[in-house]
Amino acid sequence: MFFTVKKRTIQIVALALAVVVLAGIGIAQFAKRDTDIVQTVANGNWGLSFQEEGKAPVANAPADYLKKFDAYYAEQTDEKVLYITFDAGFENGNTEAILDALKKHNAPATFFLVGNYLETAPELVKRMVDEGHIVGNHTWSHPDMSKISTEEAFREELVRVEEKFKEVTGREMQKFYRPPQGKYNEQNLEMAKKFGYKTVFWSLAYVDWYQDKQPTREQAFEKLLPRVHPGAIVLLHSTSQTNGQILDELLTKWEEMGYTFRSLDQLP
C-alpha cells in the first residue's frame, strides 16, 4: 500500500514537473518569437517567403504584430479580394495605359507617389483622383526612412507630400504610407501611426523596376499568377513598361480566377 501511494506520488510529481518544463519551453519559444520579430524589424527590410501556391506568403513581421501600429501587408481572409497598389517615383509614359486598364476593369488602386511625381505629372495625379483611386504617401525624397530617427525629419518627408498633393488637387491626402524600398523600423511604425497614417507593405510583387531589364510578359505572369492569394496587397511599379502592356490581361486573368478588386480604404 505504501509502495503504491509512493509510486502515485512520484508519478504526480513527475507529471507536474513535465507540465512546468513544457510551459517553460512554450514561454521561451514565445519570447524567442517576439525577440525574432523585434530583430527583424530592427533589420529594416521588408521580406516575404512564398511557401505554397495560392496561399499568403510568410512575412518577416506577422500581421498581429504590425496591426499594433496600423500597419498591413495583406488582409487576413479567405475571400478572393485583391488590393492593387503602384509605387511611382517618376513618370515615363506608362501610367496612362495603367489607368486605362484599371478603368476598364473598374478596379480601384492606390498610387504611392513621391514629391518628384507630384511636381512633374500633376495632370496624371488629378486623373488618378478623378477616377476614384487613392494617392498615398511615398515620402518627398524617397530616403531610407529606417535611418531617420527624429519625429521632425520623419514628419517633414510626409507633410511636404501632403501639401503638394493639396496644391495639385485641392484635396486632403488620405493617410496611407509606404516606406521607400520597404525599409523601416519599429520607431518608424510608431511615428507613422502618431501622424495618423496606416503603413502599407505588400504580399505580392515581382522585380519590375529595372528600366533597362524589364521582365517579359511570360516572366511577369510566372510570378503574378501562381503567387496571387486571397487578401493580397499587390505592389507594382507604374514605371514598368511591362506592367503598362500586360495590366489589362493580368486583371482579366485574376478575374477569371475568381478575384475582385478593393480599395485600401476598405481594409478591415
Side-chain angles (χ1 to χ4, degrees), residues 40-41 43-61 66 71-74 82-102 105 107 109-114 116-117 121 124 133 136-139 141-147 176-184 199-254 257 259 261 264:
T40 298
V41 172
N43 189 43
N45 292 293
W46 181 246
L48 300 168
S49 173
F50 287 88
Q51 300 182 0
E52 187 177 349
E53 186 172 307
K55 300 292 185 181
V58 176
N60 59 6
L66 293 173
Y72 305 83
Y73 71 93
L82 299 177
Y83 299 86
I84 302 172
T85 71
F86 294 88
D87 285 1
F90 58 93
E91 176 53 37
N92 63 349
N94 296 301
T95 304
E96 286 193 2
I98 287 170
L99 287 168
D100 289 345
L102 293 170
H105 290 265
T110 298
F111 290 83
F112 287 96
L113 306 183
V114 301
N116 172 71
Y117 197 99
L124 283 172
H133 304 299
N137 202 322
H138 202 35
T139 74
S141 60
H142 204 263
D144 178 349
M145 295 294 276
S146 68
K147 295 181 179 178
F176 293 95
Y177 157 66
R178 173 164 287 158
Q181 304 175 67
K183 293 183 179 293
Y184 72 108
T199 299
V200 183
F201 294 103
W202 59 90
S203 62
L204 176 60
Y206 78 120
V207 181
D208 62 349
W209 56 85
Y210 293 117
Q211 293 301 289
D212 57 350
K213 195 178 179 181
Q214 279 289 288
T216 65
R217 168 187 173 277
E218 290 72 24
Q219 288 171 333
F221 287 154
E222 185 180 302
K223 298 294 185 183
L224 296 172
L225 296 181
R227 291 180 173 181
V228 71
H229 59 89
I233 295 178
V234 183
L235 163 60
L236 302 171
H237 285 80
S238 62
T239 52
S240 167
Q241 183 179 21
T242 298
N243 289 341
Q245 293 170 347
I246 71 167
L247 188 62
D248 180 16
E249 184 180 3
L250 177 63
L251 297 179
T252 298
K253 287 182 179 295
W254 278 339
M257 295 170 72
Y259 284 93
F261 311 112
L264 278 185

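These figures come from a predicted structure and were not determined experimentally.
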What's the spacing between Met145 CE and Lys183 NZ if we round to 0.5 Å? 13.5 Å

Determine yes or no for a side-chain-to-main-chain donor-acceptor pair under 3.5 angstrom, with Thr242 supplying the side chain and Pro215 the backbone. yes

Rounded to the nearest 0.5 Å, the OG1 atom of Thr239 sits from the OH atom of Tyr117 at a distance of 10.0 Å

Less than 4.5 Å apart, any side-chain heavy atom of Tyr72 and any of Leu264? no

Going by atom types only, do Gln211 and Asn92 share a side-chain donor-acceptor pair under 3.5 Å? yes

Nearest non-hydrogen partners of Phe112 and Val200, listed with the distance: CZ-CB, 3.9 Å

Start with the C-alpha gap between His133 and Thr110, add the side-chain angles, then the distance that decides, and say whether side-chain hydrogen bond (donor to acceptor under 3.5 Å, both in side chains) holds. CA-CA 6 Å; His133 304 299; Thr110 298; over 6 Å; no

Taking CD in Glu96 as the centre, count heavy atoms belonging to other residues, nucleotides or ligands within less than 6.0 Å. Is the count above 12? no

Determine, stepwise, if the pair Asn137 / Val114 fulfils side chain to side chain contact (heavy atoms under 4.5 Å, CB included). CA-CA 7 Å; Asn137 202 322; Val114 301; over 6 Å; no

Is there a side-chain contact between Tyr259 and Pro230, using heavy atoms and a 4.5 Å cut-off? yes

Nearest 0.5 Å, what's the CG-OG distance between Leu247 and Ser240? 10.0 Å

Count the heavy atoms belonging to other residues, nucleotides or ligands that lie under 6.0 Å from CD of Gln241, then report whether that count exceeds 12. no

With distance as the sole test, does Asn243 use its side chain to make a donor-acceptor pair with the main-chain N or O of His237 at under 3.5 Å? yes

Please examine the side chains of Leu204 and Leu235, heavy atoms only from C-beta on, and report whether any two atoms are closer than 4.5 Å. no

Answer with yes or no after comparing the ring centroid distance for Phe201 and Tyr184 against a 6.0 Å cut-off, counting only values under it. yes

Determine the minimum heavy-atom distance between Ile98 and Gly244, stating which atoms define it. CG1-CA, 4.0 Å

Given Leu225 and Met257, is the side chain to side chain contact (heavy atoms under 4.5 Å, CB included) satisfied, shown in steps? CA-CA 9 Å; Leu225 296 181; Met257 295 170 72; 4.3 Å; yes

Output the distance between atom CZ (Arg227) and atom CD (Glu222), rounded to the nearest 0.5 Å. 9.0 Å

Please evaluate residues Val58 and Leu48 with respect to the criterion side chain to side chain contact (heavy atoms under 4.5 Å, CB included), reporting the C-alpha separation (whole Å), side-chain torsions for both, the decisive distance (0.1 Å), and the verdict. CA-CA 6 Å; Val58 176; Leu48 300 168; over 6 Å; no

Grab the two heavy atoms, one from Trp254 and one from Phe261, that are nearest each other, plus how far apart they are. CE3-CE2, 4.1 Å

Heavy-atom closest contact (Ala61 atom, Leu66 atom, distance): O-CD1, 3.6 Å

Atom pairs and distances, side-chain donor-acceptor, residues 82-90, under 3.5 Å, sequence neighbours left out:
| unit_1 | atom_1 | unit_2 | atom_2 | d |
| --- | --- | --- | --- | --- |
| Tyr83 | OH | Glu75 | OE1 | 2.5 |
| Thr85 | OG1 | Arg178 | NH1 | 2.8 |
| Thr85 | OG1 | Arg178 | NH2 | 3.1 |
| Thr85 | OG1 | Val234 | O | 2.6 |
| Asp87 | OD1 | Arg178 | NH1 | 3.0 |

For Ser203 and His229 the tightest heavy-atom approach is OG-NE2, 2.9 Å

On a heavy-atom basis, which atom in Leu251 and which in Ala107 lie closest, and how many Å separate them? CD1-CB, 4.5 Å

Heavy-atom donor-acceptor pair, Trp46 side chain to Asn60 backbone, under 3.5 Å: no

Nearest-0.5 Å distance, CG of residue Leu113 to CZ of residue Phe111: 8.0 Å

Can you see whether His105 engages Asp248 through a side-chain donor-acceptor pair at a distance of less than 3.5 angstrom? yes

Could you measure the distance from the CD1 atom of Ile246 to the NZ atom of Lys253? Nearest 0.5 Å is fine. 10.0 Å

With side-chain hydrogen bond (donor to acceptor under 3.5 Å, both in side chains) as the test, would you mind laying out the steps for Asn45 and Gln181 before giving the verdict? CA-CA 8 Å; Asn45 292 293; Gln181 304 175 67; over 6 Å; no

